[in-house]
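Read the numbers this way: they start at 1 and go in the same order the structure lists the ligands and their atoms. Atom set for the values below is all heavy atoms of this structure, side chains included, hydrogens, waters and symmetry mates excluded.
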Amino acid sequence: MTNETWGQVREGLINRVGKNNYVTWIEPLKLSQLKNGVAQFEVPTSFFGDWVQRNFADHIRSQLMTAGAEVDRVEFAVCSATATARPAARPSAPTRAPRSRPHVEDDLCGAPLDPRFTFDSFVVGKPNELAHAAARRVAEGGPVTFNPLFLYGGVGLGKTHLMHAIAHELQTRRPELRVLYLSAEQFMYRFIQALRDKQVMDFKSLFRSVDVLMVDDVQFIAGKDSTQDEFFHTFNALVDQNKQIVISADRAPGEIKDLEDRIKSRLQCGLVVDLHPTDYELRLGILQQKAEYYRTQYQGLEISQGVLEFLAHRITTNVRVLEGALTRLFAFASLVGREITLDLTQDCLADILRASDRKLTIEEIQRKVAEHYNVRLSDMIGPKRLRTIARPRQVAMYLAKQLTSRSLPEIGRRFGGRDHTTIMHGVRKIEELKATDSQLADDLQLLKRLLQG
Ligand code: ADP
Ligand code: MG
């Protein structure tokens, strides 16, 4: 079999591995040799080879056999011509048609994209519906409608997943676009390096030459003055050229402390979308999707709907924990050769289940609220009646009532031995105020998210 015939044979793999995987991992493979039962492919990097070996080697082998070849083994070797200087983010580049600007992506060096983070594998539910729709829109690569797209939400709710999905999709749909994805930390690191090496002009022109810029976890640059400054200029330059920008953070632009006001307001100019904490339906949906994957990985192992429902009920923290639980469950069950029952689940995941059972304490609420309003923890509990202290104290009382199952007298005791009527008054006051004071309503929402995240 030659590389040309392989070109036809491989198309049968689209259905098996999915379009995205096909474009990213299968198309770039070059068949260099097929003899003595060994099919050898050229790959651009050893990482690439490992990944394909681990995930697709069996598919490739059986596809070759279907086409009539004798194959016992599939091997991958790095080809020296393409092995250097190609970012992992664009593994499929070499097979694409020549571009108008050859080799341009070599200098971008974005962060590697996780091949699992695609739109196909992203489960949509009420809490992430809008974020998903906005990400899809950006991924179409059409004219820029909102700039930037600002995605925010707590840990593990899918911000990074959506950004990678946008990048993957754009690579397929609009391969000519220069898409750069990186974390804010990497942005800073590269900027500092450019300063040190006296290559700031190169840095600037590189960042100004991209078509789509995605910066993850932008809260990281808060308080880092010169990096913020540079980010601001890059941002403006790209917006002026009508280039798409996608940003993520763990909170809304206005809530990021130590971020300059001019940056905050620019970030708010586009579409700001919130990923809400998961609800039961979404968690169950995600579990079902992942379980499907594990069923094929661990052939013969079944997981019942009942166990999935149990997990969706009990693990409410974030999706990463949920995934970790499922991974461990399958690995454990297959190691010990047992069925996945509710009992086994409870044994195997005892620590995770206990952690997510953990009750929020009044002390934690007081600490977070004090931090948020910049008052001393001791003042929360102490007697001062100054408005600047009394209001945060009432916020903490309100949250304690809302988020814990403590009684008013119990809460009173934790607030320096106050009477339960004082607590009741505080709670009512905040309930009243939040209807008219939108700043307060926002504060409450943020605090709740931070405390429950
Ligand atoms: P964040 O960047 O918001 O902290 P990530 O994007 O890293 O979160 O997501 C954490 C993990 O949860 C990833 O493995 C991701 O694939 C998974 N995940 C989050 N949301 C979803 C979803 N809606 N559907 C499928 N997987 C999800
Ligand atoms: Mg992330």
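- Ligand 1 has no nitrogen or oxygen under 3.5 angstrom from a nitrogen or oxygen of Val155.
- Below 3.5 Å of separation, one finds no N or O of Ile286 facing any N or O of ligand 1.
- Ring geometry, Tyr181 versus His164: the interplanar angle exceeds 60°, so the pair is classed perpendicular (tilted spans 30 to 60°).
- The distance criterion of under 3.5 Å between nitrogen or oxygen atoms is not met by Gln289 with respect to ligand 1.
- For Lys290, the heavy-atom gap to ligand 1 drops under 4.0 angstrom.
- The number of heavy atoms from other shown groups lying within 6.0 Å of OH (Tyr189) does not exceed 12.
- At least one N/O-N/O distance between Val123 and ligand 1 falls below 3.5 Å.
- Taking backbone and side-chain atoms together, Met163 has no N/O/S atom less than 2.8 Å away from the Mg ion (ligand 2).
- Ion pairing of Lys126 with Glu281 is absent here, as no side-chain N (NZ or NE/NH1/NH2) approaches a carboxylate O to less than 4.0 Å.
- For a threshold of 3.5 Å applied to N or O pairs, the pair formed by Leu162 and ligand 1 contains no separation below that value.
- Inter-residue side-chain proximity for Thr234 and Arg208 is flagged as met; some heavy-atom pair is nearer than 4.5 Å.
- Note on ring orientation: taking the six-membered ring where Trp is involved, the planes of Phe187 and Phe207 are perpendicular (angle over 60°, cut-offs 30° and 60°).
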